[in-house]
Amino acid sequence: MPIFDRFVPKERGGQERNAFHSTPYRKMFSELDETAEEVKARYPDDSKTVDAFLRVLKESCKARRKQVLEGEWQPLKAEARFFLSADRMSAYACLLPPENNGEAITLETFLEDLHYEGITYGVLQDEIPGEFALGYLHIFPVARGKPPRPGEDGKLTELFQRRTNMHTEIRDGSEVDFGPDSQVQPIRKGTVICIIRPPKEGLDGMDVAGQTLPSPPVVSAYVPKGKNTIIDRGGRALTAGVDGILYIEDDRFCIQEQKIIDGDVEQFQGTLQISGNLYIGGNVDGGVVVEASGDIIINGKMGQARVTSTGGTIRVQQGVYGTDGQTFLMSARQVQSPVLEYAEVFAETSVIGETITNCVIRCGGTVYAMGGRGMIADSEIHAGESVLCLRIGNIAGGRSKLSVGYPPHIPESWERVRAELLEIGPILEVLWEHITKLKKLGRRISDHEQSVLEKLLEQRKLYIERQEVLKTELGIANKALDKKSKGIIRCEKLYPCLDVQIGRFKEEITTIEEDCNIHVQDGILRFKK
């Protein structure tokens with residue numbers, strides 16, 4: 001039913017409101033103040049609007065009285081006054097009484113005035129008749145707008161930590177964090193990295209004048225899509241596009257592709273060969289042989305095994321607890337492990353650990369033991385640059401052998417060649433003695449003795465050739481060792497015994513020393529700075 005049909009009496013000529021005599025100012029204003037307080041109590045959020053309307057009504061009353069006086073007390077009909085809130089979300093009305101026996105106002109006229117004032121939306125159809133019946137100088141709401149309902153911005157829920165430690169190799173600094181928070185994050189293809197909630201549009205509102213009030217725009221969530229990740233499941237998930245290691249770079253999730261083996265690797269028959277990077281989620285033991293062309297990360301422990309990286313770094317997250325002569329690590333870059341026990345290690349660049357005991361280590365750079373215990377004990381280390389640690393040896397004694405400042409094969413080669421030359425000398429003397437005796441027989445030598453002589457001469461020739469080769473190798477090693485070395489061995493505490501070699505300089509340290517900085521200066525092996 002149209003609003004006018006609901007409010008207009010069926011008989012247009014029905015009884016009208018009784019006319020009012022002129023009302024004194026004070027009484028009118030008092031009534032307006034009273035009704036204003038009542039409506040503010042009912043609608044506290046509209047207090048400012050009601051106060052503003054009250055001021056307008058009082059001015060209107062003054063103007064009407066002035067109009068009556070200047071018109072020599074001509075009748076002035078009743079009329080409705082309307083007022084919109086500042087945000088146009090509410091409209092109020094008040095009926096001003098007739099003056100000097102003027103014509104009263106009907107509900108039909110009131111509704112027409114409401115309509116022609118442009119108040120067309122949210123009209124309080126059910127409440128207006130009752131409020132209208134309360135008579136003149138009564139302030140009451142006539143329309144309420146519908147505020148826009150805001151939508152919801154898109155939301156992103158990240159299911160993995162933002163870890164930036166993508167590179168296994170440590171390029172700056174000597175310490176590796178082997179704690180659980182530093183572990184890399186392996187991820188399988190198809191695994192959800194982030195849950196994406198699309199934005200939800202809001203609903204537009206409308207003010208009492210019928211003007212649309214747009215809902216605030218919503219924003220889609222930023223999706224940190226990086227290398228090897230896919231927006232999947234209808235745009236509601238960021239997933240892994242490959243198996244690999246998850247990391248964050250430039251505020252985006254990325255995946256370094258690599259082979260992942262869940263759990264332990266033990267009792268594997270043959271050689272496990274991988275092209276690229278390899279992540280093993282558990283332990284490596286049982287004499288297995290593992291080889292990869294990239295980085296190898298073992299999240300558990302390593303025992304009796306042979307692990308080789310032909311082009312990357314090896315990291316054993318929980319330590320190497322090997323078997324003498326049965327545990328080998330060979331890396332084209334670094335070897336990293338919190339514990340290295342009973343292992344033979346070769347690294348082209350450096351070795352980083354916290355405790356190194358009963359190991360043989362060869363590396364082209366520096367051996368670090370600067371975190372945790374920072375201890376090296378009962379080990380043989382050949383480092384192309386230096387050895388830096390907190391402590392060498394322990395109170396129980398033992399012996400370590402450290403050579404620094406030259407490619408690791410040079411001191412070893414020098415020792416080996418010298419030892420072999422020392423062995424060849426006596427052998428040649430014995431051969432020459434037997435050859436001389438047989439030659440003295442002259443024509444009296446038998447066929448068997450002649451055969452023995454020929455064999456001895458052949459052996460002597462081979463040994464002489466080998467001796468010449470060794471002399472050449474020794475010359476090369478001597479030339480390398482003669483070069484000035486910047487290699488140092490630095491530790492806060494040193495327990496005996498320690499055999500030190502820097503170039504040709506050797507020393508056995510049999511005393512407890514502190515703040516050691518072993519190096520060569522002015523042709524002398526020094527222990528302090």
Side-chain angles (χ1 to χ4, degrees), residues 269-271 287-289 291 304-306 308 310 322-330 342-346 348 358-364 378-384 398-483 485 497-508:
Q269 299 298 321
T271 300
V288 300
V289 178
E291 182 177 313
Q304 182 178 333
R306 181 182 294 269
T308 302
T310 59
T323 301
D324 191 16
Q326 300 295 321
T327 302
F328 304 91
L329 297 94
M330 287 155 280
Y342 290 101
E344 187 170 341
V345 180
F346 176 81
E348 286 286 355
N358 298 287
C359 289
V360 177
I361 296 177
R362 300 171 179 84
C363 81
D378 299 311
S379 296
E380 180 180 338
I381 297 177
H382 303 277
R399 181 177 291 272
S400 291
K401 179 179 180 181
L402 275 62
S403 68
V404 298
Y406 299 89
H409 70 280
I410 295 295
E412 288 186 289
S413 176
W414 186 72
E415 290 282 2
R416 176 184 57 77
V417 170
R418 287 183 69 252
E420 191 172 350
L421 280 173
L422 290 175
E423 292 176 358
I424 288 178
I427 293 174
L428 286 173
E429 290 180 3
V430 171
L431 288 173
W432 181 248
E433 182 179 345
H434 289 306
I435 291 171
T436 301
K437 287 181 180 180
L438 290 173
K439 282 187 174 181
K440 286 182 179 179
L441 295 176
R443 293 182 180 180
R444 292 178 292 116
I445 191 170
S446 67
D447 291 342
H448 173 71
E449 290 171 333
Q450 182 64 36
S451 176
V452 170
L453 176 60
E454 291 174 357
K455 290 180 180 179
L456 290 173
L457 289 171
E458 182 63 25
Q459 288 180 3
R460 179 173 177 271
K461 178 184 176 183
L462 293 175
Y463 273 108
I464 290 174
E465 290 176 353
R466 178 59 181 164
Q467 187 180 49
E468 292 302 317
V469 170
L470 291 173
K471 286 180 179 179
T472 301
E473 291 181 4
L474 184 62
I476 294 172
N478 281 331
K479 187 176 181 180
L481 292 173
D482 286 338
K483 293 181 179 179
S485 172
C497 294
L498 175 64
D499 294 325
V500 177
Q501 180 178 359
I502 303 179
R504 292 178 178 276
F505 300 94
K506 293 184 177 183
E507 188 75 33
E508 181 186 21

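Residue numbers run from 1 in the order of the sequence given.
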Residue of the set Glu454, Arg460, Gln459, Glu458 for which side-chain contact (heavy atoms from CB on, under 4.5 Å) holds with Leu456:
Gln459
Mark yes when over 12 heavy atoms from residues, nucleotides or ligands other than Lys506 sit less than 6.0 Å from its NZ; otherwise mark no.
yes
Could you check whether atom OH of Tyr342 has more than 12 heavy atoms from other residues, nucleotides or ligands sitting under 6.0 Å from it?
no
Which distance, rounded to the nearest 0.5 Å, do you find between the [atom1] of [X] and the [atom2] of [Y]?
X	Y	atom1	atom2	result
Ile435	Leu457	CD1	CG	4.5 Å
Leu441	Lys439	CG	NZ	12.0 Å
Tyr463	Leu470	OH	CG	11.5 Å
Glu423	Leu421	CD	CG	9.5 Å
Glu429	Leu431	CD	CG	10.5 Å
Cys363	Ile381	SG	CD1	8.0 Å

Heavy-atom side-chain proximity of [X] to [Y] below 4.5 angstrom:
X	Y	answer
Glu420	Val417	no
Val452	His448	yes
Leu474	Trp414	yes
Asn358	Asp324	no

Would Arg306 pass as a cation-pi partner of Phe328, given that its NZ or CZ must be under 6.0 Å from the six-membered ring centre and within 45 degrees of the axis?
yes
Could you tell me whether Glu449 and Arg444 make a salt bridge, using a distance below 4.0 angstrom between a side-chain N and a carboxylate O?
no
Looking at Arg362 and Glu344, is there a salt bridge between them, counting it only when a charged N and a carboxylate O are closer than 4.0 Å?
yes
Might you point out which heavy atoms bring [X] and [Y] nearest each other, and give the distance in Å?
X	Y	answer
Asp378	Ser400	N-OG, 2.9 Å
Leu498	Lys401	CD1-N, 4.4 Å
Gly364	Pro408	CA-CD, 4.2 Å
Gln304	Thr327	CA-OG1, 3.6 Å

With a 3.5 Å distance limit and no angle check, can you tell me whether Ser451 reaches the backbone of Asp447 through a side-chain donor-acceptor pair?
no
